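Keep in mind it's a predicted model, so treat the numbers as computed, not measured. The sequence lines fix the lettering, A, B, ..., with proteins before strands; numbering per chain opens at 1.
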2 protein chains.
Amino acid sequence: MQPNDPIKRSRRNSGAVTVRDVAKIAGVAPITVSRAINHPETVSAELLRRVHDAVARTGYVPNLMAGSLSSSKSKLIAAVIPSTVFSVFTETIESLNNALFDAGYQLMLGQSQYLASREEALLGAVIGRRPDGIFLTGIMPPSNARKRLLASGIPVVETWDLTPTPIDMLIGFSHHKIGLAVADYFISKGYQRFASVRASDERADRRMSAFVERAAQQGLPPVQVINVGSERTLTRGRQALAEILENTTRVDAVFCSSDLLALGVLTEARARNIRIPDGLAVMGFGGVPIIENMIPALSTVQINSGKIGALAAEYLIARAEGRVVQMPTVDVGFSIHERDST
Amino acid sequence: MQPNDPIKRSRRNSGAVTVRDVAKIAGVAPITVSRAINHPETVSAELLRRVHDAVARTGYVPNLMAGSLSSSKSKLIAAVIPSTVFSVFTETIESLNNALFDAGYQLMLGQSQYLASREEALLGAVIGRRPDGIFLTGIMPPSNARKRLLASGIPVVETWDLTPTPIDMLIGFSHHKIGLAVADYFISKGYQRFASVRASDERADRRMSAFVERAAQQGLPPVQVINVGSERTLTRGRQALAEILENTTRVDAVFCSSDLLALGVLTEARARNIRIPDGLAVMGFGGVPIIENMIPALSTVQINSGKIGALAAEYLIARAEGRVVQMPTVDVGFSIHERDST
DNA sequence: ATGAAAGCGCTAACAA
DNA sequence: TTGTTAGCGCTTTCAT
């Protein structure tokens with residue numbers, strides 16, 4: 001701060017207040033300042049006070065990058081989410097972030113677009129920051145990226161799915177079982193002619209394959225499938241029902257790969273005066289809060305998104321702090337919430 | 001990698017591959033590896049090839065924290081968003097993150113809960129990482145936090161609002177004007193008896209005050225206001241309409257502080273067989289995609305959320321790279337989208 | 001075009 | 001309990 005030390009201040013100095021400045025003012029060594037801030041219990045009351053004073057006077061904010069570099073602990077967790085369906089994972093990310101913050105960790109967000117080209121860059125960016133943990137939405141198939149992740153040695157938690165070969169930790173549920181359960185549920189309610197409206201992603205794929213498979217097993221007519229690709233919109237859901245009804249009016253139950261698509265189907269049904277659930281049953285997936293008090297309230301396969309985030313935070317933090325995670329693979333399950341639409 | 005150099009490997013060495021390792025294998029100096037990676041045009045073809053080879057062979061991933069510390073450029077942008085209304089800002093954050101990624105920047109996410117206690121910690125965490133820029137959802141009122149931000153010298157962009165006294169850059173729109181515009185719009189459509197359903201936040205406050213003010217100016221009866229606090233749910237929107245109708249049935253237009261609340265009002269209206277828009281007009285705020293193809297389609301005050309994120313990225317990156325931003329304050333405006341509900 | 005030296009700001013390791 | 005020393009892995013600066 002004072003211009004009386006022309007030798008010390010090198011040209012590289014960024015100008016910000018550093019431990020050294022604080023130490024000088026408090027009349028202690030830099031390491032004492034570090035201790036006072038990070039392990040106050042190891043410093044005497046007197047020095048603690050002097051350091052706090054100096055910090056307040058200078059407005060010192062520790063440079064966490066420097067600290068991380070030195071301690072090999074970044075207090076950073078990276079989350080990779082597919083951007084196009086951000087909304088489904090909102091609750092997970094929110095609970096993840098809250099739990100992390102409370103433990104003094106920061107969240108770094110990366111959006112994979114499921115593009116291999118981007119994935120390499122994203123991974124470099126993620127690993128390059130040396131996060132203490134990585135949160136993955138979905139599971140990572142064998143690939144170069146997977147190898148790099150493995151090689152990095154950073155704790156990883158894969159989520160929203162199950163696999164016998166996780167990279168590291170795993171918090172998810174079985175998409176296959178969901179497909180079976182929904183088919184069984186429809187059958188138990190007396191529905192017979194199924195259709196499905198689904199987006200293009202691997203997990204929806206597994207739900208829907210199981211759904212179709214179970215229908216076939218039970219001797220039901222073939223399931224009509226509308227794949228909406230990446231258009232996960234309400235509008236596209238409406239169109240999808242229109243398409244289904246163009247082919248045949250003999251459909252009485254539709255399983256959608258997301259609540260939003262299901263809302264679209266419901267909307268189109270209303271536009272056509274189809275009675276819900278007598279004329280048509282509709283099942284969504286995800287369990288976003290909005291659907292439970294609409295008219296008609298949408299039945300859905302409910303996922304405990306918040307729990308996934310909270311558990312992931314717990315696991316990642318445990319591992320970051322060198323503790324062992326007892327149950328590194330967890331099936332959080334799902335539940336079918338029956339409401340007006342079925 | 002080879003255990004033949006017991007002196008060099010100090011106990012602090014984290015074990016990861018470093019520039020030094022790569023340099024040794026490529027037969028060049030560490031700085032050349034750095035140049036080959038960050039400024040390939042300054043390195044001869046031959047050395048470039050050798051470095052790339054060595055990088056591939058070792059699986060080297062540069063430690064960005066070390067680089068940042070050395071260069072005082074973190075390539076990190078921090079975004080602070082209020083967690084409870086994540087969804088409204090989703091589109092903004094998504095476009096922000098995409099634009100940042102394309103320019104080689106990472107996004108760090110902080111969730112303020114509007115709690116003063118948390119704000120201090122959040123700010124320390126944010127500034128401590130020395131991001132190249134900070135994205136704020138909303139504007140920051142005079143406070144200790146604001147002073148710290150100012151003192152940090154980090155480029156800041158405040159968003160989703162307008163103020164004559166921004167910290168630095170500003171990308172938003174006038175909530176006051178929106179309130180006036182909605183009142184005028186209702187009046188022009190012949191509505192006379194207004195109500196409003198709103199959450200507790202300062203921006204909603206300004207929209208609603210202006211709405212009430214204009215109604216009074218025009219000699220209309222007092223506006224009935226339901227404040228739902230922090231319960232920004234569809235269900236609460238339904239309850240709100242019920243409350244309004246308990247007091248008086250003579251309400252013909254409701255302005256809601258979010259699309260979600262408006263959806264709730266619409267739902268309750270349907271439950272009561274109130275005709276939309278003849279019996280009741282409903283206006284939302286935000287313009288989330290879902291509402292435009294529902295039945296009835298919700299009229300709303302549309303905000304270009306994506307543009308806010310993209311512009312913010314552009315400004316922040318420009319400033320991070322030492323360029324000057326010509327128009328550091330931008331009003332992105334709003335537009336009333338008339339649909340079935342009005 | 002390439003390299004040597006010297007830090008960036010912090011903390012681990014060791015010493016007192 | 002406090003301090004000294006030596007890095008963490010990278011890039012700036014200055015030479016060649």
Side-chain angles (χ1 to χ4, degrees), chain A residues 7-24 26-51 55 58 60-76 124 127-130 132 152 322, chain B residues 7-24 26-51 55 58 60-75 124 127-130 132 152:
Chain A
I7 305 298
K8 268 285 166 52
R9 289 250 173 271
S10 94
R11 38 209 154 356
R12 290 191 69 183
N13 184 306
S14 65
V17 182
T18 73
V19 254
R20 263 217 205 40
D21 301 319
V22 175
K24 199 164 292 177
V28 298
I31 186 68
T32 301
V33 173
S34 171
R35 288 194 184 112
I37 290 171
N38 301 310
H39 310 281
E41 71 282 2
T42 67
V43 172
S44 68
E46 160 63 7
L47 287 197
L48 204 55
R49 201 189 48 69
R50 269 156 59 190
V51 169
V55 167
T58 54
Y60 172 61
V61 180
N63 185 327
L64 298 179
M65 288 191 314
S68 299
L69 182 60
S70 181
S71 68
S72 305
K73 285 188 177 75
S74 65
K75 290 271 181 176
L76 239 192
I127 298 177
R129 297 271 175 204
R130 301 294 191 266
D132 290 341
S152 76
Chain B
I7 305 298
K8 266 287 165 55
R9 289 250 172 273
S10 96
R11 37 208 155 0
R12 291 192 67 184
N13 184 308
S14 64
V17 182
T18 73
V19 256
R20 261 214 205 42
D21 302 318
V22 175
K24 201 165 289 178
V28 298
I31 184 64
T32 301
V33 173
S34 170
R35 288 192 183 113
I37 289 170
N38 300 311
H39 310 282
E41 72 282 1
T42 67
V43 172
S44 70
E46 162 62 8
L47 287 196
L48 203 55
R49 200 189 48 68
R50 270 158 58 192
V51 169
V55 167
T58 53
Y60 172 61
V61 180
N63 183 327
L64 298 178
M65 287 191 315
S68 298
L69 182 59
S70 184
S71 67
S72 305
K73 286 188 176 78
S74 65
K75 290 269 179 178
I127 298 178
R129 297 272 174 202
R130 302 294 190 263
D132 290 341
S152 75

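- Rounding to whole angstrom units, CZ of residue Arg130(B) and P of dC10(D) are separated by 21 Å.
- Rounded to whole angstrom, the span from the CG atom of Asn63(A) across to the P atom of dC8(D) amounts to 18 Å.
- When all heavy atoms of Ala23(B) and Ala29(B) are compared, the closest pair comes out as CB-C, 3.8 Å.
- Between Arg49(B) atom CZ and dT2(C) atom P the separation is 13 Å, expressed in whole Å.
- To the nearest 0.5 angstrom, Met65(B) atom CE is 8.0 Å from Leu76(A) atom CG.
- Listed candidates were dA12(C), dG9(D), dT2(D). Nearest to the side chain of Ala66(B) is dG9(D).
- Residues from residues 37-48 of chain A with heavy atoms under 4.0 angstrom of DNA chain C, sorted by number: Asn38(A).
- Neither OP1 nor OP2 of dC10(D) sits under 4.0 Å from any side-chain N or O of Ser34(B).
- Between the base of dG9(C) and the side chain of Ser70(A) there is no donor-acceptor pair shorter than 3.5 Å.
- The distance from atom NZ of Lys73(A) to atom C1' of dC8(D) is 13 Å, rounded to the nearest whole Å.
- In this structure, the CZ atom of Arg35(B) is 11 Å from the P atom of dA4(C), given to the nearest Å.
- Closest of all the heavy-atom pairs between Val43(A) and Leu48(A) is CG1-N, 3.8 Å.
- Nucleic acid contact class of Ala29(B) (heavy atoms, under 4.0 Å, all strands): sugar-phosphate only.
- Proximity of Thr32(B) to the phosphate of dT2(C): no side-chain N or O atom is located under 4.0 Å from OP1 or OP2.
- What you find for Tyr60(B) and Ile37(B) is that their closest heavy atoms are CE2-CD1, 3.6 Å.
- Between Lys75(B) and Asp132(B), the closest heavy-atom pair is N-OD2, 2.7 Å.
- The CZ atom of Arg129(B) lies 13.0 Å from the CD1 atom of Ile127(B); values are rounded to the nearest 0.5 Å.
- Contact check for Arg35(A) versus Pro30(A): no side-chain heavy atoms found under the 4.5 Å cut-off.
- Atoms CD1 (Ile31(B)) and P (dG3(C)) sit 10 Å apart, rounded to a whole Å.
- With rounding to whole Å, Arg20(B) atom CZ is found 15 Å from dG3(C) atom P.
- Atom CG of Leu69(B) and atom C1' of dA6(C) are 13 Å apart (whole Å).
- Map Pro30(B) and Ser72(B) each onto its nearest nucleotide of DNA chain C; the residue landing nearer the 5' end is Pro30(B).
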